[in-house]
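Along the sequence shown, the residues carry numbers beginning at 1. As a basis for the values below, the full set of heavy atoms in this structure was taken, side chains included, without hydrogen atoms, waters or symmetry mates.
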Amino acid sequence: YLLHFWMLVGGDSAASIRTPSAIFGLLTVFLTHRLARDLYSGREAIIAATLVALSAIQVWYSQEARTYAMFVTLTLLSCLSFVRALEYESVSASRLRRLAWRIGWVFSTTALLYSHLYGVFTFMAQCLAYIFVRRDRQSGPGPRLAIGLAAVVVALFLPWTSIVVGWTFKVSGGFWIGPFGPSMILVAYRDLFGSILLTAPIGLLAAWSLKSSERWKSVLLASASLGP
């Protein structure tokens with residue numbers, strides 16, 4: 001739908017229909033920096049943004065007239081809103097600011113689910129991270145408020161469920177992607193990291209980060225990236 005309205009303004013040339021993906025690609029680098037800075041520090045934020053900017057698969061999808069670049073941008077925006085909603089709940093932030101990030105999380109997560117069904121993995125990762133937050137430091141929005149916000153997201157996505165059911169039956173009847181297996185996992189992360197040699201070291205670093213005193217951060221990032 002977004003591309004349809006974009007073409008009404010910018011035309012249907014190859015450059016025009018690929019421009020939104022390029023814009024989302026730039027936003028992905030920016031949001032990666034913001035999210036990493038909020039979770040860790042400025043140094044990690046620069047490293048993360050640089051890796052994303054140089055990622056071959058990220059550059060590839062930033063040139064395609066498809067939804068994948070937007071999907072990644074919305075994933076990061078949802079996670080950033082989630083993190084700030086948690087952090088502002090534990091500091092002396094204004095009520096308006098806390099409300100703004102809660103609403104931002106609801107709408108960015110809903111848009112994420114509409115952009116691609118794999119958005120449900122990010123949604124589930126955030127739910128899991130919230131459980132760790134409440135267990136480890138007893139902060140963040142209370143359970144009733146958290147469940148209420150999650151329920152709003154689900155309610156906003158309900159109109160799309162009939163489409164999801166239709167897709168499910170189509171997939172069960174045959175799909176263009178072959179049967180899932182371990183080799184597909186390796187190929188996916190090889191494409192993501194740029195080399196199969198980098199997959200193991202990055203995986204070990206991710207596992208080591210689980211020793212952090214704030215495990216919810218690692219749980220959020222690991223679950224969101226490993227889910228799909």
Check against side chain to side chain contact (heavy atoms under 4.5 Å, CB included), Leu145 and Arg102: CA-CA 10 Å; Leu145 176 58; Arg102 291 171 189 168; 3.5 Å; yes
Leu39 with Val133, same ILVMFWY side-chain cluster at under 4.5 Å: yes
Within one Ile-Leu-Val-Met-Phe-Trp-Tyr cluster: Met70 and Phe121, side-chain cutoff 4.5 Å: yes
Cluster link Leu74 to Phe30, ILVMFWY, side chain under 4.5 Å: yes
4.5 Å side-chain heavy-atom contact, Phe123 and Ser78: no
Parallel, tilted or perpendicular, as decided by the 30° and 60° cut-offs, for the rings of His116 and Phe71: tilted
Val152 to Val106 - nearest heavy-atom pair and separation: CG1-CG1, 3.7 Å
ILVMFWY network linking Val83 to Leu128, side-chain heavy atoms under 4.5 angstrom: yes
Reported CZ-to-CZ distance for the pair Arg37 and Arg43, which is rounded to 0.5 angstrom: 16.0 Å
Worked check of side chain to side chain contact (heavy atoms under 4.5 Å, CB included) between Arg34 and Arg84: CA-CA 11 Å; Arg34 289 284 179 169; Arg84 294 203 172 181; 4.1 Å; yes
CA sep, side-chain torsions, deciding dist, call: Tyr61, Ile57, side chain to side chain contact (heavy atoms under 4.5 Å, CB included): CA-CA 6 Å; Tyr61 283 127; Ile57 196 168; 3.5 Å; yes
Check: Leu113 and Leu117 side chains under 4.5 Å, non-hydrogen atoms: no
Nearest-0.5 Å distance that lies between atom CD in Gln58 and atom CG in Leu51: 12.0 Å
Smallest separation among heavy atoms of Tyr130 and Pro143, with atom names: OH-N, 3.2 Å
Closest non-hydrogen atom pair, Thr32 against Ala49: CG2-N, 3.9 Å
Heavy-atom neighbours of Phe107 CZ exceed 12 at 6.0 Å: no
Trp105 and Gln126: side chain donor to acceptor below 3.5 Å: yes
For Leu158 against Thr161, the heavy-atom pair lying closest together: O-OG1, 2.6 Å
Verify same cluster id: Leu149, Val154 (apolar side-chain graph, 4.5 Å): yes
From Arg66 atom CZ to Trp60 atom CH2, the distance as rounded to the nearest 0.5 Å: 10.5 Å
No-hydrogen, no-angle side-chain donor-acceptor test under 3.5 Å, Thr73 and Thr28: yes
Closest approach of Tyr114 to Leu156 (non-hydrogen atoms, all atoms of both residues): OH-O, 2.7 Å
Reported CG-to-OG1 distance for the pair Leu80 and Thr75, which is rounded to 0.5 angstrom: 12.5 Å
Leu77 side, atom CG; Thr122 side, atom OG1 - distance, nearest 0.5 Å: 11.5 Å
Pair Leu112-Ser115, side chain to side chain contact (heavy atoms under 4.5 Å, CB included): steps then yes or no: CA-CA 5 Å; Leu112 170 64; Ser115 69; 4.1 Å; yes
Distance-only side-chain donor-acceptor flag, Ser62 / Ser21, under 3.5 Å: no
